[in-house]
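In what follows, every heavy atom counts, from backbone to side chain, and hydrogens, waters and symmetry copies are set aside.
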Amino acid sequence: MATAAVDTTSAPDIEANAPRVLGWRVTPLTERRLANFRANRRGFWSLWIFAALFFFTLFAEFIANDKPLLVRFDGAFYYPIFESYPETVFGGDFETEADYADPFVIELIEEKGWVVTPLIPYSFDTPVTDLPTPAPSRPTARNWFGTDDQARDVAARLIYGFRISVLFGFTLTLFSSIVGVIAGAVQGYFGGWTDLLFQRFIEVWSSLPTLFLLIILASVVQPTFWLLLSLMLLFSWMALVGVVRAEFLRARNFDYVRAARALGVGNRLIMFRHVLPNAMVATLTFLPLITAGSVTVLTALDFLGFGLPPGSPSLGEMLKQGKDNLQAPWLGIASTLVISMMLTLMIFIGEAVRDAFDPRKQISGDQG
């Protein structure tokens, strides 16, 4: 008599045999989500383009800098981008740091060696000399996007401005997500008076005119990167509270949560190990949109003059220069194109992430 074959593979064996990507096990659910993300071609390619641009700008000092990357002089190698060298090292007369924009210094070096300069020989704050016209100067082969009204290279400022805007948005998103998730988890899990009082506080706090308060606070103290980040964190943490609160309110009475309580598991462990993973699905879909909103607020503050310190490579400050110098349209066009492209890519990525975690997309994909 034939005996039916029985699959004796246990769940741990199935998990151990799951495919891996960069050392991480990829579950069937994760595979479906990745497939849904890739199916959104617009968001998929936006992620690659945004990642390439961000990776490119992370090394801005190696791309746009008024200091050489490498100097070979008299048989020795020098790295001005990492270390300061006095002019006397290269045969000059002054003990101060060598000015590599000075043709005399370059001639001294090339007499006994050679110089490797960055692609753009200007930093974000380097004044460009010998302009063909008074600043702001129109685009040339030397200055691809021209110069601003302070004779600074626009291309270099766009590269540095893109980096600082994205880093600011990522950092603010990270901290605001941590605070928002904790606040929403406490509200939804405990409910009752805790939820009621938190909700009334959030209603009052969210009704405050955020941008005006940031302008007032920034006008009182000189904002730095971290101070401005802290001021914006006071209001940006509320973006995720409602989503996380709703997930915790829904899940706190599930059977596995009640069973964990009956077994004596602590509230903190239940909240952040068992319930939080369910809330993270909805949370992750909001992160690209929160980052885009953070960049927009920073750009608005810089445009109004209440953002980063003067002289910082700011996209909002470049927009303001475009408004103040209508005779130099390249200023407004260049900054507008960079900001529009950055925000558009973030929105498309957010849409793809939303599709990846959408249960209806997964069901339709399974049925197809």
Side-chain angles (χ1 to χ4, degrees), residues 33-34 36-37 40 42-60 158-184 206 210-211 214 218 223-244 276 279-304 306-308 312-319 335-358:
R33 288 172 176 172
L34 291 175
N36 288 334
F37 183 85
N40 189 321
R42 183 173 60 187
F44 178 74
W45 287 109
S46 295
L47 176 62
W48 281 106
I49 295 172
F50 182 83
L53 291 174
F54 182 54
F55 181 81
F56 175 80
T57 57
L58 280 178
F59 302 94
L158 287 176
I159 294 174
Y160 282 89
F162 185 95
R163 181 178 68 175
I164 197 171
S165 296
V166 174
L167 288 177
F168 186 91
F170 282 168
T171 308
L172 182 59
T173 300
L174 173 64
F175 287 114
S176 61
S177 299
I178 293 174
V179 177
V181 166
I182 293 175
S206 61
T210 304
L211 186 60
L214 289 174
T224 61
F225 180 92
W226 293 106
L227 179 59
L228 189 61
L229 183 75
S230 302
L231 294 177
M232 293 181 64
L233 180 61
L234 293 175
F235 304 96
S236 62
W237 62 271
M238 294 177 289
L240 292 176
V241 173
V243 177
V244 178
L276 183 59
M280 290 306 296
V281 172
T283 300
L284 290 174
T285 61
F286 279 87
L287 294 185
L289 307 180
I290 295 175
T291 304
S294 303
V295 173
T296 302
V297 175
L298 176 64
T299 302
L301 289 174
D302 289 332
F303 179 81
L304 297 173
F306 298 99
L308 296 172
S312 301
S314 165
L315 297 178
E317 190 264 345
M318 292 187 64
L319 275 179
S335 55
T336 301
L337 287 177
V338 170
I339 295 172
S340 302
M341 177 182 61
M342 181 197 310
L343 297 179
T344 301
L345 292 175
M346 289 182 181
I347 295 300
F348 288 164
I349 295 171
E351 292 178 350
V353 173
R354 180 198 60 195
D355 290 346
F357 288 98
D358 190 349

For [X] and [Y], work out which heavy atoms get closest and say how close.
X: Met342; Y: Ser165; value: CE-CB, 4.1 Å
X: Ser335; Y: Leu158; value: CA-CD2, 4.1 Å
X: Ser294; Y: Leu172; value: OG-CD2, 3.3 Å
X: Ile349; Y: Phe37; value: O-CE1, 4.3 Å
X: Asp355; Y: Asn36; value: O-CB, 3.8 Å
X: Ser177; Y: Leu287; value: OG-CD2, 3.2 Å

Can you tell me how far the [atom1] atom of [X] sits from the [atom2] atom of [Y], to the nearest 0.5 Å?
X: Leu240; Y: Ile182; atom1: CG; atom2: CD1; result: 12.0 Å
X: Leu167; Y: Phe225; atom1: CG; atom2: CZ; result: 6.5 Å
X: Phe56; Y: Arg163; atom1: CZ; atom2: CZ; result: 11.5 Å

Query raised in the report: For Phe162, does the CZ atom have more than 12 heavy-atom neighbours from other residues, nucleotides or ligands under 6.0 Å away?
Result: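 Counting neighbours around CZ of Phe162, more than 12 heavy atoms of other residues, nucleotides or ligands fall under 6.0 Å, so yes.
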
**Report entry** Ring geometry between Phe54 and Phe50 (parallel below 30°, tilted from 30 to 60°, perpendicular above 60°)
**Finding:**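 Parallel.
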
Report task. Decide yes or no on side-chain contact (heavy atoms from CB on, under 4.5 Å) for Phe348 and Asn40, but give the supporting numbers first. Result -> CA-CA 9 Å; Phe348 288 164; Asn40 189 321; over 6 Å; no

Are side-chain heavy atoms of [X] and [Y] found at a separation under 4.5 Å?
X: Thr299; Y: Ile339; answer: yes
X: Leu345; Y: Leu53; answer: yes
X: Met346; Y: Val295; answer: yes

Query - side-chain contact (heavy atoms from CB on, under 4.5 Å) evaluation trace for Leu301 with Leu228 - result: CA-CA 10 Å; Leu301 289 174; Leu228 189 61; 3.9 Å; yes

Report task. Let me see the working for Leu229 and Leu233 under side-chain contact (heavy atoms from CB on, under 4.5 Å), right down to the final yes or no. Result -> CA-CA 6 Å; Leu229 183 75; Leu233 180 61; 5.7 Å; no

**Report entry** Check: Leu315 main-chain N/O paired with Asp302 side-chain donor or acceptor under 3.5 Å
**Finding:**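 Not confirmed, Asp302 side chain does not pair with Leu315 backbone.
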
Requested in this report: Please check if the side chain of Ser312 supplies one atom and the backbone of Ser314 the other of a donor-acceptor pair under 3.5 Å.
Outcome: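 No.
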
Requested in this report: Evaluate the criterion side-chain contact (heavy atoms from CB on, under 4.5 Å) for residue pair Phe170 and Thr291; output intermediate values, then yes/no.
Outcome: CA-CA 6 Å; Phe170 282 168; Thr291 304; 3.7 Å; yes

